[in-house]
Structure formats: structure tokens, C-alpha cells
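Proteins get letters first, then strands, A, B, ... in listed order; numbering begins at 1 in each.
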Amino acid sequence: MKSLQLSVVQQSEQVKALRREIRNFIQTEQEIGAFEPQCDSWLSGYSPEFSRKLGERGWIGMTWPKCYGGQERSAIERYVITEELLAAGSPVAAHWIADRQTGPLLLRFGTEYQRELFLPKIARGECYFAIGLSEPNAGSDLAAINSKATRVDNGWILNGSKIWTSGAHYAHYMITLCRTSPMNQENRHDGMSQLIVDLTAPGVTVRPIYLMTGEHHFNEVIFEDVFLPDEMLVGKMGNGWKQGMAELSYERSGPERFLSTFPLLEELVNALQSTGDKLLISQLSPLVSQLWTLRNMSMGIAQMLEDEITPDVAAALVKDLGTQLEKKVAELARLLVSSSHKAFSPQIEKLMSEAILHSPGFTLRGGTTEILRMIVSKGVIAK
Amino acid sequence: MKSLQLSVVQQSEQVKALRREIRNFIQTEQEIGAFEPQCDSWLSGYSPEFSRKLGERGWIGMTWPKCYGGQERSAIERYVITEELLAAGSPVAAHWIADRQTGPLLLRFGTEYQRELFLPKIARGECYFAIGLSEPNAGSDLAAINSKATRVDNGWILNGSKIWTSGAHYAHYMITLCRTSPMNQENRHDGMSQLIVDLTAPGVTVRPIYLMTGEHHFNEVIFEDVFLPDEMLVGKMGNGWKQGMAELSYERSGPERFLSTFPLLEELVNALQSTGDKLLISQLSPLVSQLWTLRNMSMGIAQMLEDEITPDVAAALVKDLGTQLEKKVAELARLLVSSSHKAFSPQIEKLMSEAILHSPGFTLRGGTTEILRMIVSKGVIAK
Amino acid sequence: MNDITEMLIDSTNRIMKDICTKELVNESEKGRWAADLWDMLAGSGMITVAIPEVRGGNGGEYTDALSILRLAGKYSAPIPLAETYVANWLLNQLGADISEEPLTIALPSRNELFSFKENKDGWIISGKASSVPWARFAKQVLVIGKTESEHALALIKPEYGEIAFRQNLAGEARDTITFESVFMENCEVIPIDLDWVMKQLRYSLAVTRIVLMAGALERVLELTGKYSSERNQFGRPIHRFQAIQQQLALLAGEYVAAGVASDYAVDAFQKGQLSKEIIMAKIRINEAAGNAATLSHQIHGAIGFTYEHILHQNTRRLWSWRDEFGTETEWGMELAEQIMEKGQTGIWSFLTDK
Amino acid sequence: MNDITEMLIDSTNRIMKDICTKELVNESEKGRWAADLWDMLAGSGMITVAIPEVRGGNGGEYTDALSILRLAGKYSAPIPLAETYVANWLLNQLGADISEEPLTIALPSRNELFSFKENKDGWIISGKASSVPWARFAKQVLVIGKTESEHALALIKPEYGEIAFRQNLAGEARDTITFESVFMENCEVIPIDLDWVMKQLRYSLAVTRIVLMAGALERVLELTGKYSSERNQFGRPIHRFQAIQQQLALLAGEYVAAGVASDYAVDAFQKGQLSKEIIMAKIRINEAAGNAATLSHQIHGAIGFTYEHILHQNTRRLWSWRDEFGTETEWGMELAEQIMEKGQTGIWSFLTDK
């Protein structure tokens, strides 16, 4: 079971200093009222100003080469920035996907032209991307997509649609997985490519999909004869499936997989602490211990990714265990709040509603629980 | 979803009187030291004396016709006797299967000869049966059995083996599912029959299978050229699969599916009560509420069986939810015992060990969790 | 179930299906009063069930009223039917007049009693109550308080006070009402035994949430069963996948358990027992509510999470109702108290003896 | 991991595989002392790891010793390796002599201290301790108590007192020893700071159970993975069924989480921190122990439940070890205390700051 082994990450002085720096920044931002902590802020907390401020400080694209606007920092340093922002419930949704997925994808598969064009803007917190994978008839079964790009002079004509695209209503571009050859039923993964679509181009329609909370984060994006110039092909033609899977694997094991409801936990512990009821706090201890464990797992994976090892199975486990934890925070909060006789702050009520109403989403995004568990069990058996 | 509807069972004065009667009996037995309460007593509590005493009082085969030694009591009356015996952890293992499964099977499918021969002895608590279904290579996949009975003059010659047979070392007979025609791969359920094997007959070997606790409840039973006379065929030749499934369905929803660890709960609540710690007891309330609910479900099903409705889906649910509950009792007990500063009785320690060490068995017997859930989901979709 | 009950259920079902549509519920969450639904139910005699005809009611049993309410839960009916039932039942028991109009109840904690001061022309009323269901749409609010000499309840018209609009997770009106020395000329103030009334209200209101949730759970299971046989993935309906089957079975388990718990609570209530059955049912069904919401959303995938889909109308109500009139922890403490008081002969007797 | 550590692990693994067989463990549960195993480990210098050579030890780090112990957990080694390590480490810290012989520790609660009375020829010792690991096989038992003037620990030979044989769920010796005014001529009585020693022991012993469980979990996952690819049902290996896959994944999750928690606890211990890391690791791994036992038995079906199969050697130990030296509730209260004391800047800082 050596393949399931993760390393213990030691925090250098440099990392500690960086942590102090981001904490000070967050505290100041809160004091000047730039944001209020919210649950699930990496989906819901859209603030271009905040993204630009992070960009100014070099906290977007931190690990990228300096020539593309990056800082060439370590994976652990990026980890620290990310976890601090999430734990504080700060509004990081605008640049989230561009930083987490688009950047690494373009660095790995993009052309020099694409890197120079997009990465510095992303790192400044000024350019946002959306992910174009799911389609109405291709949810868990991604291989069933049938958006189609037809070759024309100097480019392609794209037709089809994407669904559940978070942020498409404010993102500037979308990396779109589509078929550049007709579907081959024998091997449905063949003939797909990734193309960058300018979401302001003629023929692109972005339709909101409102959540049950009334919020607007997701969209359906429809392409009607959208022209894409040659330069917008990412990587190799026909290699889209593999690239898309790589893009997905960047998103599995980060701290956003267990910190979505952390702002509630923070507020809850503060409130319980003020009641002085040790027994109530002790009921949080299994959850706190699980959170501590998951963070250690997630950091270990970040470390390994830096060493160019891809611990797929462990990453899937972080997401599976992490999303369960996010839900438990909300459940436990309501029971503890109701067993304490103290009246709690409206802030707790607000965070609790956010946590509960967003909870169905936690296990859905980035691969359902069932699919993750299949990945894990195959990994275990293969050893 | 009307098919999932269970009725509210009202307890008549007659039922209440019966309950008082069995409680008095149990109390007396405990006082004279006839038994000590134990977990999982319907598997582990073998006491022919106790079975005979129950038989004398008419508490075995209660619902059967009087002509076969029964009492023609209602299903709810039988339910009350059963649940009281289990809740008290009394030793009912000896006659358990004969009362629960063999009797109903013979009443439905047996010959007059078989009924007259076996039922009165069973009802007296003097004749015990074992169930012969599983084989070494046929666990969840029962259709794979290949014990074989070959036709000879005036009977059959049986060869093969059965496994996980509880009580075969003290039971007098086993109802054995075997092939009376060669296996047909197209329809593996065809050509099976049920035959009654006298476990003292020449050619029968009973080998113990010790449990991880060292206890001996299960056996492997090997048949080498065992002669079975004609009269020992149960029901129709070739109808064995259907009969065996019916036999299994009698065992799904009874109170033994959620009361196996009840003696521990009883003792635990007594102990907690004496500490006066309301908060600790309140942590049992979800479990107590679930137990109350399951009992109501189980009684509702008993009532429906009496009205000759077979609520398969609800019965599978009782077992699925019930066995989860039995495990939770043990888990919660250890946490509550360790959070109370009082020293607890050796009795609690003993019951807790029994509950924990027996717990893997709860979800295995009578169909695994996965198979039960498949039954339920098919039932739900079919509506 | 007798014929009259069956008839009641059938016609309620028809009314709900016709009027209480997804759109009506959505509109109501935006603040619109579902007048048609209320009027239709009132017109069919559904509002004053379980009040004898001689007392101005429509007759029938508590079980009938609670069967109607269960359907209201199933269809997410945006009206104070539960509160009106309970208020009328209490008023009737106290010998006071009942009403066919929407009523609601401000259930106070011990230190939040209203104050009623009599002067020669009427009453001066002060007090504040939060999370009052549907207060903005109610004609009268039943509040509990003290006169100078005794405990009393009063029916007050919300428009005399201030109403701050609030909602639960399901967008149902749960308003704060404030009366600051408001003079009311016509106001019924009825002396009460506070403990008795509080117990009646706490248990009765808990029973209403139990049956509302049982109804919602039925809808959740129906929707999920339907979705999993219609939705295809990897070339077959998703209910053919073992992982979905396992979840469906768990969901069915929550539904059946909740239904049985609810039926036994209703049975006890019908017999006038405000007792452990109601407590255990609320605890069990609260748990079912959370589990069923999780499972049904998991099976539905992203679609069930959207505003367009109807599932969330039920799941958001399940999340809300489990917290109303007693969480698991609150009733759990009360159950523990009863076990300590009455459980001297052991938990088995406690559970099985009536 | 450095080369020496790797070598240590390799040779321990070899010794365990060779000697610590299923049969040896079964025999030991019936009361036999695993002398060969102890001697072989002692002969290979595995007993006094993390004690400097100048102090009579074999050198190396705590991490080395705990890696060996993890393997002992994996193979259910029926010897007081954990207790001997901890006793020697403590004795070394106190400047006392260490031992290569089996030692054990009687961890007392506050009101169960032994009494040591000095007379001119030696000591008169009284006291009773229960659940003392392997006491019947230990050459000396470390007990904590009071002399007339101060707190002290003493090493006493169990054969001087009375030993009542007891076992945990796994059949491991957990004896009760009683000394009633027993005179011992040669007996080391070392004055101590009680609080300091108790803290050392509680945390160190908890760490030993953490790594023992991590080892057992590894074996449980290995056995279960193997079984599910070898066992066929309905014509294919059972790991091809989605329901089994789901359970295997959960089991793997418990294993990885437990492993990481254990590694961080060991890291903290190595750095001399008897701190929240150890608490949280024990809580998490206790939970993993229960979950993994359930899941592995569920996947194994009836066969894993038999005496013949090896699985239960690990699962019964997991059930036992989670209760030893602190359940989730006990350490949970201690964690709550630390959160209240040190968590003034919030739970996030508490979790992330060293």
C-alpha cells in the first residue's frame, strides 16, 4: 500500500511568514468591509476588486514561471494562501478556476502564444475562465458529449452547448471540450479537442441556471456557429479527452474540498467558547480531528504534485471524505446551537443557512461520490 | 407508495395480559438462575430445558393449528412472546429455527405425515431443526448450490455439503435444499427440492466452524451417501427454490433483527439512570426513537402477515435498519460508558464484548445488506 | 381508514394537485398570499376539522385533520393550516370561539410572555414574538401572556402591531411581530393554566411538523423513484446502478420509518396522549428529514439543485420543519427526563407499556 | 526515511513474517508467551531503540521505534513492545537504568496510586492496578505511587504480588495485579513530578496505540483487497460489484486518513510535543478502527467471522486498542479544554499554528 503513503509536510519559516502576511491582508480587508465571511465562497464569492488585490500581491498563479506573470513559489506556499482565503470565507470565485485549472492546463498543453496572452492577465486577477465539459446529456458520462467544432479556413465553427458552467456569466473565456471528428461508438473518447472560446463572441449565449437558493452561479452556454480562430486550439487536435481529464484532476484534492463550510465552524466555536460549555465543544472533537487529518492529507498531496507524482487515489479520497465533512459541519452546528440555551448571532444563522442550502452541491461538483469511490477501489485493487 | 404503508397495531387487553404472563415467567427464571441475559441469545443461548419450559406453556408454535400442537394464537401474540424473550436476552436458540421457519414451512408445504410427525414435538420444545441452504461455493449466490439427491428405490441418496448451518450440532433434523435434477445453466433455479435429513443418520458428518470468539454455533454438514426415505420430501419435487425463498422470507422482519443487542441497552440505561446524568441519557434518544420506530414497523408487518399480505420490501427494510441499530447500540455504549466517570458493572462489560464481537454477524445473516437494498430499490421502482 | 376519511383525503389531494402547483409555491415564497388555496379548502370544510359541528366546526377526528395536513406537507402548501388547526383546537377546548380564517400562534419561551393590561375600553398589549408562522397573512395571532392577575392567551390582529418579514430556509413566512403598548378595543383575553396550554401547544405543534414532514418525504421518494427510472446514464436508467439502488433503499427506509413514526404519533395524539410517542416520532422524523434530503439530492444530481426543479420545495421544507417546534436535541432532553422519571422498571417497559 | 530506518523496517518485517504467524498469535491468546519473538527482536536490537548507546540503548529515533511498533500492530505481535518502549524512554529521561526484558506499565487514575513505605531493608508496597498489559509476562511493572514524602515510580516484579489473568477483546493479556503490603528488598523507587510523568505516560501510551492501530489497519486493507479480488460470486470477483467498490473505497479512506493522522502524531512526538496532534490522531484513528472493522467484515462475509480466518486477529485488536489509553470521548474532552484555553484566536489558528 506504499502508493497510498503521503508525506508529512514541514512548514518552513518562509511559509510561516507568508501565512502571517495573508492573515494580515485578510484581516484588513474585513476591517474595511471589503467582504463578509461566507460559506462556499469559492463558488459564491464573486469580487473582481478582491481578485485584483490578490493579483497585485502576487497571490494568483503563484507557482507559475515569472515570465508569465507567476511568482515561482512552491506548491505549499500556494496551498497556504488558498487555505487561508477559504477558511476566512473570502470572495475568491472570480479568478478561482483560472488560477486552479486554466493556468496549469495552458502551462502544460497551451501554445506559447496562449500562455503569453492569458497567463499574465489571469495572474493580475483580471481574466477569468470557465470550464466547458458537461453537456445536458453528458453528466457523469462525459464521453457522451457532442458539441462539435467543424474545420473552416483559419479556424473552426462551433455548435452545441455546455451546462453547469460556473461563472460563465462573468468569465471572459471558456475552455471547451468538443468533437473535432465525428463520434466513434467504439471509442467515444477519440476525436475530442479543447478550444478556447471568447464568451463575448457572436453566437455565444449564456443562460442563467438559478440554484434552488435563487442564486446565479451556473449557466447553460449555447454556441451557434461560433467562429474560433486557429490559435485557440489548446494542445493537440484529438487529444481533448486526455487534457480534459488532466484539467479535472487539478481540482480534486485542494482545501476547497473540506473548507466550504469552515466559516460556520469558526463562528460556531467562537460562540460555544463564549458559553464556556466544554461538553458542547467536545462534541466537535471528532469533526475537528477529521478536519485536521484532511488538511494534512491535502497538503501531502500538494507536496507530491510539486514532485510531479499524481496521487489520484489519495486525491479522490480527500474529496470524498472532505465533502462528507462539509455536510457534517452544518448538521452538527444546528444540533449544538439548539442544545445551547444561548441565543446565537444572526451571523451564525446566516452561515448555517448557506451551509445547509449549498450542501447538496458539495458532493456533486468534481465527480460524484460514486465515481470517486470507483476510482479509489480500482486503485486499491490494482496495487 | 401505498404498498409501503404499514398499519398501527393496537394492543388488546388479551395481549397485555399475555405480556404480563411472559414477563413474570422470565423474571422467575432469572431469579432461579435459569439464565443470565446475553446479547444475540437467539443464536448463542442454547438451553433445551428453557425451550421445554416454553413448550409446556404453549409459547412455541403459538399460531399453529391445535391439531398439530399449536395454540391458534394471533401473530401479534406470538410477536409479544418473542420480543419479550429477546429483550430479556433469554436462551431461545435451541428451538428458534424450528419455531420461526420449519413450522410455517411444513404447514404450507409439508405432507400430513410430516406435520403430524414433527410439529407437536417442535411445539413441545423437544425437536430442533437446522436450515440447509448455503454451500461453500454458494453464499449470496444461492442458485449455485450443488448438493445432489439421486433417486433410488423408496427414497434418495444425498451427497454434498452445507455450510454456516447454525445449530446443526444439536438440531435433530435439517431441511436441505438440493438438486434432484442436474443443474441447468439456463435456469439455475430449476430442479431443486427440499428434503428432511435426520442429522443422526449414517453418512452425515457435522463439523464445527468456530467463530472468531471461539464460540461454536455454526457448522459444516457433509453428506456422504445419506439415504433419505420417500416421506422426507417436502412439498413438490423441483419446487425447492421457491420453497427455500419462502423459508427465508419468514426470517426477515422479526424483532430478532433489532433486539440482538438490547440486553446491553437495558443494562446501560439502568446504569446511566443511576448516575442521574440526564445529558448522557439524552444522547441515547435518537437510538431509542429508532428502536421504537423499528418495533412499530416490525409489529405492523407481523399483523400484515397474519392477513396474508407479504410486505417484502418493508420486511427487508426492518432487517437493514435493524441490524444497523444493533451495531450502534454497541458503539454508543462504549462512548457513553467512557464519558461517564462512574465505574460500570462487569455485566455491562460482558454484554458490551458480546455485542461488539457478534456485530459482524448481524448484517450477514439472512441476506447481506447489499442484497436487501437491491430488493428494496427494485420494490420502490416497481411501484 | 373509514369512508369519510378516505373521501376527505381524496378531495384534498385533488385540490392540492390542482391549485398547489410548483408555480403557486414559488410565488408564495416571493410574498404572495395563496388566497385561492385557502378559500378552496375553507369552502370544502377542511379548515375546522376535528371540531364538533355544535361548536361551529366540521366534525371528524384529529386523524382526519392530520391526514389533510400531511397532504399539505406533501404539496408544500403555503398556508397556516397547521397553526389554524392547533389554534382552533385549543380555543375549542377552552370554550372559546373558533375561526375559519387563517390563524397563527406565537409560541413563547418562558421569559417572553406578552403583557395584557386592561383599561376601561379594552386592552393594552405589549410583547414581541419571533418566528411566527405566516403572521403577515394571519387574521389573528394567538399569543400567550400575563394580565395583572393571571396567565392568559389573547387573539390579536397582527396589523395592530409591527411585522418584520422573515422567512425560514424554505421561504415560508416566519415573521417577527412587535406590540408596544398597543391599545385594542376588541380583543379576546382568556385566562389559562399556563403549563397546560404550553404543553398542549408544544406537543400539538410538534405533531403538525411530524405529519408535514411525513408528507414531504412521500413526495421526495416519489420524485426520486421517478427520476431514477427516467434518467439515463451510460446507456441505462440510473436505478440499474448498484450505488443508486443502495441509496434508493436507504431513502425508502427513511420514508417508511418516518411514516410509521408519524402514524403512531398521530394515533397517540388522537387518543389524547401528549406523550413519549410524539417525542420519539419527532426525533426520528427529524433525522429522516436530513437523511432524505441528502439522499434525494445525491440521486438527482445537479438538476435537483436548481430552482427549476420541484425537489427543493420539499427538501428545503424538510430542513426547516425539522428545526421547528423541537430539534432532536431539545426533544431528546425531554425524552431523557421521561426515561429518568418513568423508566424505573427499565427501558423495555418504558418503550412497550402504554 | 533514511537508510537505517529502512533497514530496521525491513528486518522487523522479516522477523514478523517468519515468527509472528497466525498460529503464534492464536497460541498466545490461549496464554502462551511468545518467547521466540521477543528474543529475536531483542537479539536484533529492536527493544531499546531511541535510547542513546551511551545509556545502554540501541540509538535511533522515536520514529524508528514507532515504525517497528507499527509493524508489531500489523502482525498482532503478542508482546509488550509498546509498554517496554515507553517504560524505557521514561526511565532514561529520569536517568534510571533501562532494560531489554519485557516491561509493562500500570497507568493509574489519580486515586489509585500505589503506596511505597520504606523500611530499613527495602520497601513495603501496596496497591492494585487493573488492565495492566501483559503483566503476567513482564519481568517488571512500572507503577506510580507515593512514598511518605513524595510521588514516586517503582519497578516491581509482578510475581511478588497476585496476578489475576484478564484479557481484552483481542485475547491480549490485560491483567489485574495486587500488592498487599508486599516486602521487596531490591526495588527501585524513583521520586517523580507526578503531573509530568502522568502526562508523559498518557501521551506516549496513546501514541503507541495510534501506531499499533495504523499497522493493523494496513493489514485489514491488504486482506480485504486481496479477498475481494479472489472471491467470486455470480461469476466474477466481488470487487467488480459497485456496492463492494463503495465499501472498499470507504475502507481505503479510513486507512489513508488513519495513516496520515498517525504520521503527524509521530512527527509531533519525535519533536517532543505532547500536544493536540496526538489527541486528534487518537480520536481520528479510533474512529477509523471501528469503521474499518465493520467494513472489512462486511466485505469478507461469513468467512472473516470465523476463527480460522486471520482477519479477526486484526479487527479484535482494533476494537481493543481504540479503548486503550483514551477513547474519543476522553480525549475529546481534553481537546475541548485545549480549544478553550488556547483557541482565543479562533479554531483556524488553533489548527494551523504550531
*Apply salt bridge (charged side-chain N to carboxylate O under 4.0 Å, His left out) to B:Arg20 and C:Asp353, showing your working.*
CA-CA 10 Å; B:Arg20 281 191 298 274; C:Asp353 295 349; over 6 Å; no

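- One N or O on the side chain of B:Glu266 and one on the backbone of C:Ile347 form a donor-acceptor pair closer than 3.5 Å.
- Looking at C:Tyr264, its side chain does come within 3.5 Å of a backbone N or O of B:Val9 through a donor-acceptor pair.
- Between chain B and the residues C:Thr329, C:Leu248, C:Asp267, the most heavy-atom pairs under 4.5 angstrom are made by C:Asp267.
- Checked by atom type, the side-chain pair C:Arg240/B:Ser377 shows no donor-acceptor distance below 3.5 Å.
- Comparing C:Lys226, C:Glu277, C:Glu328 by how many heavy-atom pairs each has under 4.5 Å with chain B, the most go to C:Glu277.
- If you tally non-hydrogen atom pairs under 4.5 Å between each of C:Ala258, C:Ala261, C:Ser229 and chain B, the highest count goes to C:Ala261.
- Residue B:Leu287 does not touch chain C at all, counting heavy-atom pairs closer than 4.5 Å.
- Within the model, atoms CE of B:Met374 and CD of C:Gln246 stand 6.5 Å from one another, a figure rounded to the nearest 0.5 Å.
- When side chains are defined from C-beta on, B:Ser289 counts as touching C:Leu335, because their heavy atoms get closer than 4.5 Å.
- With a threshold of 4.5 angstrom between heavy atoms, B:Leu317 approaches chain C through side-chain atoms but not through N, CA, C or O.
- Using a distance-only test at 3.5 Å, with no hydrogens or angles considered, a donor-acceptor pair links the side chain of B:Gln273 to the main chain of C:Ile339.
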